[in-house]
Structure formats: C-alpha cells, structure tokens
2 protein chains.
Amino acid sequence: MSRITGARERARTEITAAIKDEARRQLAEEGAGRLSLRAVARTLGIASSALYRYYPSRDELLTALIVDAYDALGADAERALAAAGPPAGPPLVRWQAVCRAVRAWALEHPHEYALIYGSPVPGYSAPLVTTGPAARVGLALIAVARDAHAHGTLGAPGSPPALPPGLRADAERLAAELDIPLPAPAVAELVAAWVQLFGLVSFEVFGQLNRVVDARAEFFDQAVVRLARSLGLTGDSLSGQPAVTERGSSEGS
Amino acid sequence: MSRITGARERARTEITAAIKDEARRQLAEEGAGRLSLRAVARTLGIASSALYRYYPSRDELLTALIVDAYDALGADAERALAAAGPPAGPPLVRWQAVCRAVRAWALEHPHEYALIYGSPVPGYSAPLVTTGPAARVGLALIAVARDAHAHGTLGAPGSPPALPPGLRADAERLAAELDIPLPAPAVAELVAAWVQLFGLVSFEVFGQLNRVVDARAEFFDQAVVRLARSLGLTGDSLSGQPAVTERGSSEGS
DNA sequence: CACAAAACGAGAGCACTGCTCTTGCTTTTC
DNA sequence: GAAAAGCAAGAGCAGTGCTCTCGTTTTGTG
C-alpha cells in the first residue's frame, strides 16, 4: 500500500487531493448545492473533463467530502474526549467535552455539517463507505458511558419507563454489534441522547433557533447536562467557559 | 380583498395556484434541489418565461412552498391537538397527539419537511413571511403546557438545574412575546422539548436512524413521553397504536 | 531499446438549468 | 376608440454535469 510510487501515480494522488481540497473550500464557502465541478476545475487550471479522470461524478466527489467531514468531526470529538481526563475521571466532564466538540465543529463548519447531518441530497444515498467514519462520534459517546460503567460512576438511568420490546431488541442488537458492556436500558438511553445531541446542534446550525433562543451556548450546555443526568452520568458540571462563545444570530439580511 | 374579480385577475390566481401545485408535486417527488421551473412550465404547457410573471424567481416559488409546508404541518398539529380531548384532559395525551402528528406529517412529506427543517438552501434566507406559519407547531406545544398549567395538571419540571441568566432572559422574553402564562423554567423546558421533538423527527426522516434503530415508532414514543415528563405533564401514556406504524428502513440501494 | 497499452489533458458538444429581453397580442382602462 | 397595462412565446445568455473524441505522454513489457 505504501510502496514507492512512480511519478505518474504520485501526481495522481496529488491531483486527487488538490481537487478534493478545492472542492472542500468551495463547499465551505457556498454550500453543497453550489459546489460546481467546472468551478473547481477552473481554479485548478485544468479542463473540466480532466476532472472526471479523478472523480467519476459529482456524487463521488461529494461522497469523499462526506467521509472527510465525518472523519474530521469524529477526530475532534475523540480529541476532546482524550483531553477531558482519564476514563476514571468524572464522566459528566467527559460527556460535556464530546458534546461541546461536536457543537463547536458544527458551528465552525456549517456547510460540511449540513452535508452529513442535513437533508439528504435527492438522488444520493450514502454508500457504506461512510458508515465507519459516521460512527466515530457515537463511539465516543459510548466510550464515556462504558468507562463510567466500568469505574462505577454510572448511576441508575434517570427514568427507565419499561423498555418496549422492539426498542429492547434494538438495544440488545446494538450492544452485541458494538460490544457495549451495558444493560439494554442504558444503551437505549444512550441512543436517545445521541439523537438529541445532534438535534440540538442541527437546530442551531440550521438557524432554527433564530429569534427564539439567543443564549445558545447556555441552552446547549443545559441540555447536554440534562442528557448526561438522564444517562446516569455523575460529576459536577463545568459551567464556565463553554467551548463556543455566544455570538449574534448569524442570519444575513 | 374579496371583491368580484375580472376574468384576467381570476385567471391569474388560478394559474398562480396551478404553478404552485405542480411545483409541490415535483418537490414531493424529487426534492427541492431538483425542482425545475422549466419542468413545471413544461408539464403546465406554458413557456418557461411565462412562469416568471407569476413567481419572479425560483426562490420566491420555494418561499411559497415553504409557507405552505409550515401551514400544512401546523394545521395537522392543531387538528391533532383539537382531536386529543379538551384542554382540561390529561395533558400527556394531548402532548403525544401533537408530537405524533408532527412525525406522521414529516414521514408522509419528507421532502417538504426537509425544505423547512433541513439544511437551509445556500443563498436563501427565510423571509419574515415564514415566521408566522413556522410558529404554529410551537404554539400548539405551548397550548398543551398552558392548558395543563391552567387546569392544575402541570407538575413540577423534572430537573430545574438553576436556569442560567441568559437562558432565563430568553425564557422571559419568549413568555412576554407569546403571552405564555408559565414560569421561566417551564418555558425553557418547553423550548428544549420543542427542539428535541424536531431533532427526533429530523433524524428519522433524514435516514440517520438507519441501521441503528428499527423500532422507530417505539423509539419516538418513548422519547416523547420522556419529554412530557420532564415538562411535568401528567397522565397515562397511550402506548398502543402509534400514529405511524413501523416500516422497514427506507433507504435505496 | 522499441513498441503496444494504458493513462491523460483538452476541446467540442449535448441536454439541461435559471433568468432576461424583445416581439407581438389581448385585455383593461380612460 | 385609443392608450396603457398585462400577458405568452421565442430567442438568447451564462452556467451546469457529463460524454466523446483526439492527440500526447507515460508506463510496463517483449
């Protein structure tokens, strides 16, 4: 895989990367809908048809960007988790770290976030390649709960209202697939928290909080702590200095 | 406004409606990204340039569709609320009714849902016209809490962890703006529940639950009940016969 | 080394898009 | 009845994704 490469092959990987980089630049500026292969080729100084030797279609390029976005977000989440103290530390702090990292990344890369967590592109169905990177944030969240469980800092779930059978089956399947050493109700709670984390972030990034909530960071932190409590995570909340400070509503005209 | 209209004016409103209807048809089939003015004009048998006499741009057409979508969703939510018993009835049932109506509408109209709650269109910023219809679901949720409060069926919020100042300000502003006779912590809780409701629905509609949760309706109902409990809504959960039955994952290839 | 095979870049071209402008025609208004 | 306004259609512009062909360059192999 890392054999010494001929000049041509090296040029190929370089150009492929250059195309993806320029595409990501345009994506970050204008959004996925306005990403134009011709524009990418233009700023790269090559003919638009030449671009098709590297990415057979616009969808393929988008897929590459999607994978990268998942990976960047996942890496940020993992980094934040690693920096938030050892596995034996207070789980609430670690939980907050991961959640705040997700929010911070999303606010910094709104178009890339929209690409992976927004409305799916019409004719496009995410290929299986994306499932691995897509799971990284979820795995980080799982790690927090798992470590807390292992170190006895995972209390009882907030409200376990008799897991219905289908949900229990899902939880057990997930626990088996991902090797999560947690009881089914905890897994179900974890999935719910995962969904709500991204619900919070999406609402903010997509501008749905405009004219409703101004204290975005406080709102987010509050919700995150509540999620953690419902999971049974213990520890004191670190309330000061949120990962992303307040900013005015980001709408245009 | 409802003066008798000349033939020309009548034709105008008819054609305007026909354009919007056809556009909505294409939107429902292909999604907002693939909505083409020329295609609409084609199936309507008119020249594409003629269409611009009725909608000055694609964005204006989209705005009309957005308003309609908000209104349709809001109407469904209000209808479900009205059918879920009197204001003095058990608030949990009414809460569930509204939430389920939102989910059902979203699953039936995924592209229209994506138009209003998905990633925003690049150059497009929602005009103020949309804010009224957009608020209808929120107002229905507020009505549930308000009625419960008025009839003494609103318990204490689940976990009021010392509302931070910015959030409290937001809550008080909202309570004043919308005339909500509820204490600030309850308003804050309500907003959080509102966000999480749409987070749940969006995750499901946008296919993020694929390969994770199969028992979608159970998952949703569970989360909705938890939201209601955290609000302090009382009553027994109606668990049987969810508004939308299970269906297999809706992904393509 | 020579030569066929593969990879490559550029250009032309197709079908499509949103949108504008001009040209006639019809309806309304004075 | 004439002037004004509204209207439909067509041509056209600039842009898009994508395909195909045609020379050129690089590669691996006999």
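A salt bridge does not link A:Glu14 with A:Arg10: every distance from a Lys NZ or Arg NE/NH1/NH2 to an Asp or Glu carboxylate oxygen is 4.0 Å or more. The pair B:Arg25-B:Glu22 counts as a salt bridge, with a side-chain nitrogen and a carboxylate oxygen less than 4.0 angstrom apart.
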Let's go through B:Leu178 and B:Val187 carefully: what are the C-alpha distance in whole Å and the side-chain angles of both, what is the deciding distance for side chain to side chain contact (heavy atoms under 4.5 Å, CB included) to 0.1 Å, and is it a yes or a no? CA-CA 11 Å; B:Leu178 302 176; B:Val187 174; over 6 Å; no

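B:Tyr113 and B:Ser202 share a side-chain donor-acceptor pair at under 3.5 Å.
A donor N or O paired with an acceptor N or O is found under 3.5 Å between the base of C:dG9 and the side-chain atoms of A:Arg53.
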Using atom names, set out every protein N or O paired with an N or O of nucleotides 18-21 of chain C below 3.5 Å, distance rounded to 0.1 Å.
unit_1 : atom_1 : unit_2  : atom_2 : d
C:dG18 : OP1    : B:Leu35 : O      : 3.4
C:dG18 : OP1    : B:Leu37 : N      : 2.7
C:dG18 : OP2    : B:Leu37 : N      : 3.1
C:dG18 : OP2    : B:Arg38 : N      : 3.1
C:dG18 : N7     : B:Arg38 : NH1    : 2.4
C:dG18 : O6     : B:Arg38 : NH1    : 2.7
C:dC19 : OP2    : B:Tyr52 : OH     : 3.4
C:dC19 : OP2    : B:Arg58 : N      : 2.7
C:dC19 : N4     : B:Arg38 : NH1    : 3.3

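Counting any heavy atom pair closer than 4.0 Å across all strands shown, B:Leu51 reaches no nucleic acid atom. Within the 4.0 angstrom heavy-atom criterion, no nucleotide atom of any strand lies near A:Tyr55.
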Produce a footprint string for nucleotides 25-30 of chain C: one letter per nucleotide, 5' end first; B if the base is under 4.0 Å from any protein heavy atom, S if only the sugar-phosphate is, - if neither. -BBS--

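For A:Arg10 and D:dT27, the CZ to P distance is 10 Å, given to the nearest whole Å. In this structure, B:Arg42 places its CZ atom 14 Å from P of D:dA9, rounding to the nearest Å. Rounded to a whole Å, the CD atom of B:Glu30 is 11 Å from the P atom of C:dT17. Atom CD1 of B:Ile46 is separated from atom P of D:dC7 by 12 Å (rounded to the nearest Å).
Two residues are said to be in side-chain contact when any heavy atoms from C-beta on lie closer than 4.5 Å; A:Gln222 and A:Glu218 fail this criterion. Side-chain contact between A:Thr16 and A:Tyr55 is present, with at least one heavy-atom pair separated by less than 4.5 Å.
Put simply, NZ on B:Lys20 and CG on B:Asp68 are 3.5 Å apart, with the number rounded to the nearest 0.5 Å.
At the phosphate of D:dG6, neither OP1 nor OP2 sits under 4.0 Å from any side-chain N or O atom of B:Tyr54. Taking 4.0 angstrom as the limit, B:Arg12 places a side-chain polar atom (N or O) nearer than this to OP1 or OP2 of D:dC7.
Side-chain atoms of A:Arg103 never come within 3.5 Å of backbone atoms of A:Asp221 as a donor-acceptor pair (strictly under, hydrogens ignored).
Of the options A:Val102, A:Val201, A:Val205, a side-chain contact (heavy atoms from CB on, under 4.5 Å) to A:Leu107 is made by A:Val205 and by none of the others.
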